Protein chains: 2
Amino acid sequence: MQTINLKTLASALGLSVSTVSKALQDSHEISPETKQRVWQLARELDYVPNPHASSLRRKRSKIIAVVIPEVADSFFSLAIKGIEAVAQQKGYHTLIYLTYESLTKEQTILHDFQSGRVDGIIISLSGQTTHIDHVTALERKGIPVVLFDRIFEGTTLPRIITNDRESGYLATRHLLQRQCRRIGFLSVSDSLSITKQRQTGYIAALEEATMPVLPEYMLTLPDERAEQEIILSGLLTGPDAPDGLVASVEKTAILTYQLCEKLCIPIPEQLKVISFSNLETASLLNPSLSTITQPAFDMGEAAASTLFNLVEGKNIRSMPTIQCIPSELIPRRSTQQAAE
Amino acid sequence: MQTINLKTLASALGLSVSTVSKALQDSHEISPETKQRVWQLARELDYVPNPHASSLRRKRSKIIAVVIPEVADSFFSLAIKGIEAVAQQKGYHTLIYLTYESLTKEQTILHDFQSGRVDGIIISLSGQTTHIDHVTALERKGIPVVLFDRIFEGTTLPRIITNDRESGYLATRHLLQRQCRRIGFLSVSDSLSITKQRQTGYIAALEEATMPVLPEYMLTLPDERAEQEIILSGLLTGPDAPDGLVASVEKTAILTYQLCEKLCIPIPEQLKVISFSNLETASLLNPSLSTITQPAFDMGEAAASTLFNLVEGKNIRSMPTIQCIPSELIPRRSTQQAAE
DNA sequence: CCGGTTTACGAAAACGATTTCGTAAATAAA
DNA sequence: TTTATTTACGAAATCGTTTTCGTAAACCGG
């Protein structure tokens with residue numbers, strides 16, 4: 001069971017290694033008859049070229065890396081699917097790395113890519129990430145990088161985003177139109193630009209409606225589940241409890257649902273909730289949850305397409321450095337007004 | 001900005017390439033002083049070894065492949081997380097491939113692995129897969145393979161599974177104990193052993209209770225959404241409509257919920273539902289869904305650990321060829337009996 | 001028939017790391 | 001002091017492809 005390679009083929013055919021290699025690549029230097037002989041034997045012996053040798057020689061691996069904070073998540077898993085679909089179709093292989101929201105892990109992972117392991121990188125930043133020196137370092141070494149959803153502001157790297165600010169604005173206006181007058185904003189502790197954008201939109205909507213923007217209604221939940229419960233319960237049962245919530249993170253909406261059940265706060269009668277979320281089951285929740293749904297699959301596809309264009313050096317100038325794919329607001333029962 | 005490699009280091013230090021290589025591997029052949037010099041310069045110049053060269057020479061890539069039918073799925077995405085966690089900790093890299101339930105794609109993907117691209121493979125079979133010649137071919141070439149959840153019966157390859165048969169049995173008994181007398185079983189069209197196992201458990205429970213096993217209650221839904229609706233609606237609104245359902249696939253439970261809402265069939269009063277599912281939001285559904293929850297993360301971890309043991313040739317004999325990690329039945333409102 | 005161009009192939013040098021040997025010097029054993 | 005052994009390093013082969021050259025032979029036009 002010896003492994004079969006170019007040398008095996010060459011000697012079996014009485015040809016040189018270089019001729020066989022060129023024949024397999026359908027080079028014009030090789031006569032049609034020879035090509036046929038080579039192709040046939042390669043098929044018979046089930047020859048598969050060694051990718052490591054090829055990558056070493058060509059300095060191209062046909063591998064990309066996807067670096068994300070989490071995978072067990074409706075947004076990221078769908079995005080991966082979009083990326084993988086394009087990669088598979090283009091003949092690329094996809095390495096996946098999880099940062100678990102840790103800057104240190106993110107740095108370690110990216111550092112390894114200096115080696116030329118991958119041809120390009122798609123990354124969605126960790127919640128801890130406050131600078132992207134480790135990312136730009138790769139760009140400077142000539143390795144294409146595409147930022148994706150959780151981007152960094154103030155960089156010229158290619159980015160794929162959705163309209164977070166506008167969505168935050170629309171979600172808030174959605175609540176205002178449904179007679180909410182004390183609207184809260186839930187986020188988790190991170191330094192992400194998307195969170196800021198969403199919050200900016202929320203504030204803009206309030207100001208447009210000449211409503212007060214109250215800091216005590218803008219909750220940043222800590223990482224600890226127990227603390228989260230205490231803080232959010234405090235808000236929900238306080239004297240001036242909100243009658244509407246914009247959840248900038250799916251997880252906070254779920255927490256809200258659980259607490260409202262426990263605290264007997266009826267949704268949407270007493271509290272209306274809308275969440276940034278990609279849950280497929282949003283429509284089956286009790287009550288069905290109004291969502292801002294991000295185009296995860298499309299964003300993955302766009303990121304991958306952009307990356308492959310960069311990798312293959314195609315019309316780099318013609319590509320927009322930033323692409324925005326809009327989210328969709330899907331109203332459901334959790335923000336429904338009582339019929340009068 | 002020339003790329004830095006062993007030769008760069010060697011000439012900068014006045015040493016040979018082989019010495020530098022050995023020093024970096026902390027070989028005993030190298031004196032402590034020389035090692036220090038090498039390490040320091042490597043750190044200063046931020047040397048990262050070229051993995052393709054290394055893989056070529058060592059015939060070991062420190063890369064594994066994960067081949068699954070789908071990723072935008074609560075089970076598989078969580079399993080990936082378990083796999084990646086172990087891989088990262090062991091210093092391995094993870095390639096991910098989606099088969100989209102297609103045998104052809106599965107074969108194409110696995111065929112490429114003959115090249116030595118990866119050190120080992122974790123695979124969960126596509127729904128179309130009825131033989132695993134393409135898998136055993138790899139094993140014969142000396143590439144370790146671990147089957148995972150969707151296994152093939154009648155192979156001696158290492159497998160990680162959960163107790164599907166028993167879970168099907170327990171789910172059905174759960175319904176029987178709650179006074180269901182006409183219990184249906186929902187599946188989708190595939191040739192998977194896990195589906196068969198679950199159904200076997202379902203049948204066993206019925207027989208144990210001396211209940212009739214009726215073929216019209218065992219529904220295999222087609223791929224088309226429209227047809228699914230017609231068939232399932234037919235069952236739910238028929239003269240002898242079931243009063244309990246075991247959904248062997250999450251998707252069928254969701255469909256049931258949607259149809260019941262449309263058809264005004266109250267759950268659990270008129271129909272109790274329990275589903276194999278890893279939905280985090282099961283407890284938030286309307287009504288909250290009783291589930292058989294698979295230990296996705298643990299199964300991923302176990303698959304990865306097993307694979308690494310095989311790859312590194314550790315105590316191959318001592319490893320069980322099949323590991324079963326039990327699922328958990330979580331009763332919720334969808335199977336609750338009315339208080340009397 | 002003769003210089004010039006194709007055509008079709010092979011030799012050999014990469015790519016960057018690992019590993020097997022060989023060997024001078026240093027050390028230990030006899 | 002002589003022999004044996006260790007220590008610490010370098011030369012060179014190797015992994016399997018790709019790619020650049022070099023070159024016989026065939027082909028061409030005039």
Side-chain angles (χ1 to χ4, degrees), chain A residues 2-39 41-42 45-63 91 112-119 141-142, chain B residues 2-39 41-42 45-63 91 112-119 141-142:
Chain A
Q2 66 129 19
T3 138
I4 112 120
N5 53 27
L6 284 186
K7 210 195 300 188
T8 323
L9 293 182
S11 64
L13 289 164
L15 290 170
S16 79
V17 169
S18 38
T19 303
V20 176
S21 174
K22 288 174 195 162
L24 289 172
Q25 296 173 69
D26 203 8
S27 157
H28 64 93
E29 288 187 33
I30 306 299
S31 74
E33 305 81 48
T34 308
K35 282 183 187 171
Q36 285 302 334
R37 288 179 58 216
V38 172
W39 291 344
L41 187 68
L45 298 189
D46 199 20
Y47 168 69
V48 185
N50 182 309
H52 305 116
S54 177
S55 303
L56 174 58
R57 177 60 225 238
R58 286 211 225 234
K59 293 169 174 285
R60 272 287 157 79
S61 61
K62 298 220 97 183
I63 302 178
D112 172 72
F113 297 154
Q114 308 235 345
S115 63
R117 180 185 292 281
V118 296
D119 292 347
K141 290 229 170 188
Chain B
Q2 66 129 20
T3 139
I4 113 121
N5 53 28
L6 284 188
K7 210 193 302 187
T8 322
L9 293 182
S11 64
L13 289 164
L15 290 170
S16 78
V17 169
S18 38
T19 303
V20 175
S21 173
K22 289 173 195 164
L24 288 171
Q25 296 173 69
D26 202 9
S27 156
H28 69 271
E29 288 188 32
I30 306 299
S31 75
E33 305 81 50
T34 306
K35 282 183 190 172
Q36 285 302 335
R37 289 179 58 216
V38 172
W39 291 343
L41 187 66
L45 299 189
D46 200 20
Y47 167 69
V48 185
N50 182 307
H52 305 117
S54 176
S55 303
L56 174 58
R57 177 60 226 239
R58 288 211 223 232
K59 294 171 173 280
R60 272 288 159 77
S61 61
K62 298 221 96 183
I63 302 177
D112 172 72
F113 297 153
Q114 309 236 344
S115 63
R117 180 185 292 281
V118 296
D119 292 347
K141 290 230 171 188

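Proteins get letters first, then strands, A, B, ... in listed order; numbering begins at 1 in each. Predicted model, so just to flag it, every value in this text is computed and none were measured.
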Protein-nucleotide distance ([X], atom [atom1]; [N], atom [atom2]), rounded to Å:
X	N	atom1	atom2	value
B:R60	C:dT19	CZ	P	11 Å
A:Q114	C:dG16	CD	P	15 Å
A:K59	C:dG16	NZ	C1'	8 Å
B:E29	C:dT18	CD	P	14 Å

Under 3.5 Å: donor-acceptor pair, side chain of [X], backbone of [Y]:
X	Y	result
A:Q36	A:P32	no
A:K62	A:S55	no
B:S54	B:N50	no
B:K35	B:S27	yes
B:W39	B:D26	no

So which of A:N5, A:T34, A:L41, A:L15 actually passes side chain to side chain contact (heavy atoms under 4.5 Å, CB included) with A:V20?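 In the set A:N5, A:T34, A:L41, A:L15, the residue that makes a side chain to side chain contact (heavy atoms under 4.5 Å, CB included) with A:V20 is A:L15.
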
What is the nucleic acid contact for [X], judged by heavy atoms within less than 4.0 Å: base, sugar-phosphate only, or nothing?
X	answer
A:I30	sugar-phosphate
A:G14	sugar-phosphate
B:S31	sugar-phosphate

I want to confirm an ordering. Mapping A:T34 and A:L56 to their closest nucleotides on DNA chain C, which one lands closer to the 5' end?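 Its nearest nucleotide lies further toward 5', so the answer is A:T34.
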
Can a side chain N or O of B:Q25 be found less than 4.0 Å away from OP1 or OP2 on C:dT19?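 So the side chain of B:Q25 is within the cut-off, an N or O lying under 4.0 Å from OP1 or OP2 of C:dT19.
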
Examine C:dA14: is either OP1 or OP2 under 4.0 Å from a nitrogen or oxygen in the side chain of A:R57? Give yes or no.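 Checking C:dA14 against A:R57, no side-chain N or O comes under 4.0 Å of OP1 or OP2.
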
Distance under 4.0 Å to a non-hydrogen atom of chain A counts as contact; along DNA chain D, which nucleotides mark the start and end?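 Listed 5' to 3', the contact boundaries are D:dG16 to D:dC21.
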
Residue whose closest nucleotide on DNA chain D lies nearer the 5' end, A:I4 versus A:K22: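 Closer to the 5' end of DNA chain D: A:I4.
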
How far does NE2 of A:H52 sit from CD1 of B:I63, to the nearest 0.5 angstrom?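 Output value for this atom pair is 5.0 Å.
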
On a heavy-atom basis, which atom in A:I30 and which in A:A23 lie closest, and how many Å separate them?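 Shortest heavy-atom contact: CG1-N, 3.9 Å.
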
Least distance between heavy atoms, B:A10 atom then B:V17 atom: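 Of all heavy-atom pairs spanning B:A10 and B:V17, the closest is CB-N, 3.7 Å.
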
Within residues 47-55 of chain A, find the residues that approach DNA chain C with a heavy atom at under 4.0 Å, and present them sorted by residue number.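 Nucleic-acid contacts, sorted: none.
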
